[in-house]
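What follows is one structure encoded as structure tokens, with my remarks underneath.
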Amino acid sequence: MSRALLLTQSDDRATHAQVVDLEPSQWPEAEVRVAIAHSTVNYKDALAVTGKSPVVRKFPMVPGIDFAGTVVDSADERFKSGDRVLLNGWGVGETHWGGLAQQARVKADWLVPLPDAFDTHDAMAIGTAGYTAMLCVMALQAHGVVPDRGPVLVTGANGGVGTIAIALLSRLGFEVHASTGRLNESAHLQALGATEVIDRATLSAPGKPLQKERWAAAVDSVGSHTLANVCASLKYGGAVAACGLAQGLDLPASVAPFILRGVTLAGVDSVMAPYARRIEAWGRLAQELPREVLTANTETVGLADVPLLAQRLLAGEVRGRVVVDLAR
Ligand code: NDP
């Protein structure tokens, strides 16, 4: 039997999460079977498990948008038993049974070889949040952002994307400013590499279309008024990598920063990112992200802890990353 977190929906459309034991044959068919060692709780997983947003497209569903583990068997010649692999996105945990289980059956195209530098716990201490942070850094660099241009702002600083983005940017030599609602966590943000910590309340209300030029670039996982104010506060020719919606899905902005300051709004998606981009991102994470960042930034839980943890994460009570150990 394999243990899994199973989501079901009742007639009143409420989502119910329960740890269950299933026969391996109960998983929907797919080319590669993976024994999962570690998974994570990302923001999207928290939405799925609590049912707060319609992330799950069909029930019953095993949630979990990412995992790391070992191939058990494969009908695709690119993988063989014993290969170490990881997966991010592709609708896993939304439309296809996902990573919060002791096994997965997935398409070979979705799997990425686990870099030698990481064990499965490290890979999920990075998880989709950290891989997305790297995609954001890559997007800024593709738009010519270099340290000489000035400070880079990271919003949602204490979250999964935010913490890893701070660590990556500071190692690349950027002056990093962090925006957070948890100023009491400033010491942690500074240890990750932030030199200035600002109160997110200064960015979260409606603001002027053009504001004082403060940052050369930004990584934004918050959206809504925060993203609008960030765009309005970028220096001439600046860029923001926008990947999240922790404040809201809306973008109540004007075109002024784009047409008067040549600002670039670079959208970042991790779910459907092409294979080559994933390999590049994970390769760079292996080279550029120090292991000690992962240790200090991660808590590890068991499968049965996930429903409560999902609530804590949405309440903004989780700092950094959460790894789920499937052996616990
Ligand atoms: P986390 O929950 O770990 O972090 C989100 C952070 O946002 C919180 O820690 C908090 O930081 C801040 N925040 C929360 N609520 C608000 C609010 N109302 N206003 C302003 N800030 C707020 O989530 P992740 O880092 O994993 O994900 C962040 C976002 O990025 C999510 O929206 C997620 O869906 C998205 N995402 C998108 C991906 C993509 O492919 N585009 C991939 C991965 C994530 P603090 O306490 O420091 O203020």
Side-chain angles (χ1 to χ4, degrees), residues 39-50 52-55 64-66 88-94 124-139 153-168 176-190 192 194 197-205 218-230 240-251 265-274 277-278 281 297-299 309-323:
S39 183
T40 75
V41 182
N42 293 281
Y43 191 87
K44 199 186 252 181
D45 300 321
L47 292 175
V49 170
T50 57
K52 279 214 164 165
S53 260
V55 168
I65 63 170
D66 47 14
N88 303 100
W90 296 116
V92 168
E94 302 177 53
M124 289 298 104
I126 297 169
T128 297
Y131 146 66
T132 302
M134 180 50 94
L135 292 178
C136 289
V137 170
M138 286 160 57
L153 177 71
V154 174
T155 64
N158 271 298
V161 175
T163 48
I164 306 282
I166 292 169
L168 290 170
V176 185
H177 295 183
S179 166
T180 182
R182 287 179 270 177
L183 292 169
N184 58 326
E185 297 285 4
S186 295
H188 179 64
L189 299 176
Q190 282 157 348
L192 288 170
V197 180
I198 66 167
D199 187 341
R200 79 183 191 199
T202 60
L203 293 170
S204 58
V219 171
D220 177 64
S221 58
V222 170
S224 193
H225 290 295
T226 299
L227 178 54
N229 286 321
V230 167
V240 50
C243 70
L245 45 60
Q247 184 182 5
L249 190 59
D250 57 333
L251 179 53
L265 177 54
V268 171
D269 166 62
S270 68
V271 179
M272 305 304 286
R277 206 160 182 71
R278 292 165 187 263
N297 196 47
T298 307
E299 71 180 276
L309 210 122
Q311 289 178 18
R312 277 182 53 215
L313 190 132
L314 293 182
E317 293 168 6
V318 172
R319 186 187 79 182
R321 298 280 304 135
V322 180
V323 171

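One is the number of the first residue; the rest follow in order along the sequence. Each ligand, and each atom within it, is numbered from 1 in the order the structure gives.
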Exercise for the section: List every atom of ligand 1 that sits less than 4.0 Å from any heavy atom of V222, numbering the atoms from 1 in the order shown and giving each element. Expected result: 20 (C), 21 (N)
Exercise for the section: Indicate yes or no: at least one non-hydrogen side-chain atom of N297 is less than 4.5 angstrom from one of H188. Expected result: yes
Practice task
Between G181, G316, A242, flag the one that comes closest to atom 48 (O) of ligand 1 by a heavy atom.
Solution key: G181
Exercise for the section: Using a 4.0 Å heavy-atom cut-off, say whether V268 meets ligand 1 through its side chain, its backbone, both or neither. Expected result: backbone
Problem - Non-hydrogen atom of N42 closer than 4.0 Å to ligand 1 - result: no
Practice task
Taking the side chain as every heavy atom from C-beta outward, state whether L135 and C243 have any atom pair closer than 4.5 Å.
Solution key: no
Practice task
Could you check atom 4 (O) of ligand 1 against the protein and tell me its nearest heavy-atom contact, residue, atom and distance included?
Solution key: G159 CA, 3.1 Å
Exercise for the section: Assess A157 for proximity to ligand 1: is some non-hydrogen atom of it under 4.0 Å away? Expected result: yes
Problem - Matching residue for V230 among V219, V222, L265, V240 - test: side chain to side chain contact (heavy atoms under 4.5 Å, CB included) - result: V240
Exercise for the section: Check whether any side-chain heavy atom of T155 lies under 4.5 Å from a side-chain heavy atom of R200, and answer yes or no. Expected result: no
Handout entry: Which residue and heavy atom of the protein sit nearest atom 3 (O) of ligand 1, plus the separation
Key = G160 N, 2.9 Å
Handout entry: Selected option - heavy-atom contact closest to atom 15 (N) of ligand 1, from A246, G162, S221, G320
Key = A246
Practice task
Using a strict 4.0 Å cut-off to heavy atoms of L313, name the atoms of ligand 1 that fall inside it.
Solution key: 2 (O)
Exercise for the section: Please indicate whether any nitrogen or oxygen in N158 is less than 3.5 Å from any nitrogen or oxygen in ligand 1. Expected result: yes
Practice task
Taking Y131 for its side chain and S270 for its backbone only, find out whether a donor-acceptor pair lies under 3.5 Å.
Solution key: yes
Exercise for the section: Check whether any side-chain heavy atom of V268 sits under 4.5 Å from a side-chain heavy atom of M138, and report yes or no. Expected result: no
Handout entry: Flag side-chain contact, heavy atom, 4.5 Å: I65 against V55
Key = no
Handout entry: Nearest-contact summary for atom 44 (C) of ligand 1 - protein heavy atom, Å
Key = V161 CG2, 4.0 Å
Problem - Among H188, R182, Q247, E317, closest by any non-hydrogen atom to atom 19 (N) of ligand 1 - result: Q247
Problem - Atoms in ligand 1 flagged as close to G156, the criterion being non-hydrogen separation under 4.0 Å - result: 6 (C), 7 (O), 11 (O), 12 (C), 47 (O)
Exercise for the section: Look at the side chain of T40 and the backbone N and O of V322, then say whether any donor-acceptor pair between them is shorter than 3.5 Å. Expected result: no
Practice task
For atom 36 (N) of ligand 1, find the nearest protein heavy atom and state the residue, atom name and distance (0.1 Å precision).
Solution key: C243 O, 3.6 Å
Practice task
Look at atom 45 (P) of ligand 1 and find which of V322, T180, L189 reaches it with the closest heavy atom.
Solution key: T180
Handout entry: Option nearest atom 10 (C) of ligand 1 (shortest heavy-atom distance, choices R319, H225, R200, R321)
Key = R200
Fill in the blank from the handout: ligand 1 atoms nearer than 4.0 angstrom to some heavy atom of G244 are 29 (C), 30 (O), 32 (O), 35 (C)
Exercise for the section: Considering only non-hydrogen protein atoms, determine which one is nearest to atom 34 (O) of ligand 1 and report residue, atom name and distance to 0.1 Å. Expected result: Y43 CD2, 3.4 Å
Handout entry: I198 vs L203 side-chain heavy atoms within contact, under 4.5 Å
Key = yes
Handout entry: Taking atom 42 (C) of ligand 1 as the reference point, the nearest protein heavy atom with its distance
Key = T132 OG1, 3.1 Å
Exercise for the section: Measure the CG-OG distance between L251 and S224 for me, rounded to the nearest 0.5 Å. Expected result: 8.0 Å
Problem - Residue, atom name and distance, where the atom is the protein heavy atom closest to atom 32 (O) of ligand 1 - result: L245 N, 2.9 Å
Problem - Rounded distance [0.5 Å steps], CG in L245 versus CG in D250 - result: 9.5 Å
Handout entry: Side chains of V271 and K44 in contact at under 4.5 Å (non-hydrogen atoms)
Key = yes
Problem - From T50 atom OG1 to L314 atom CG, the distance as rounded to the nearest 0.5 Å - result: 5.0 Å
Fill in the blank from the handout: Taking only non-hydrogen atoms of S270 and a 4.0 Å limit, the atoms of ligand 1 in range are 39 (C), 40 (O), 42 (C)
Handout entry: A129 N/O under 3.5 Å from ligand 1 N/O
Key = no
Exercise for the section: For T226 and ligand 1, answer yes if some heavy atom of the residue is under 4.0 Å from a ligand atom, otherwise no. Expected result: no
Handout entry: Backbone N/O of M124 and side chain of R321: donor-acceptor pair under 3.5 Å
Key = yes
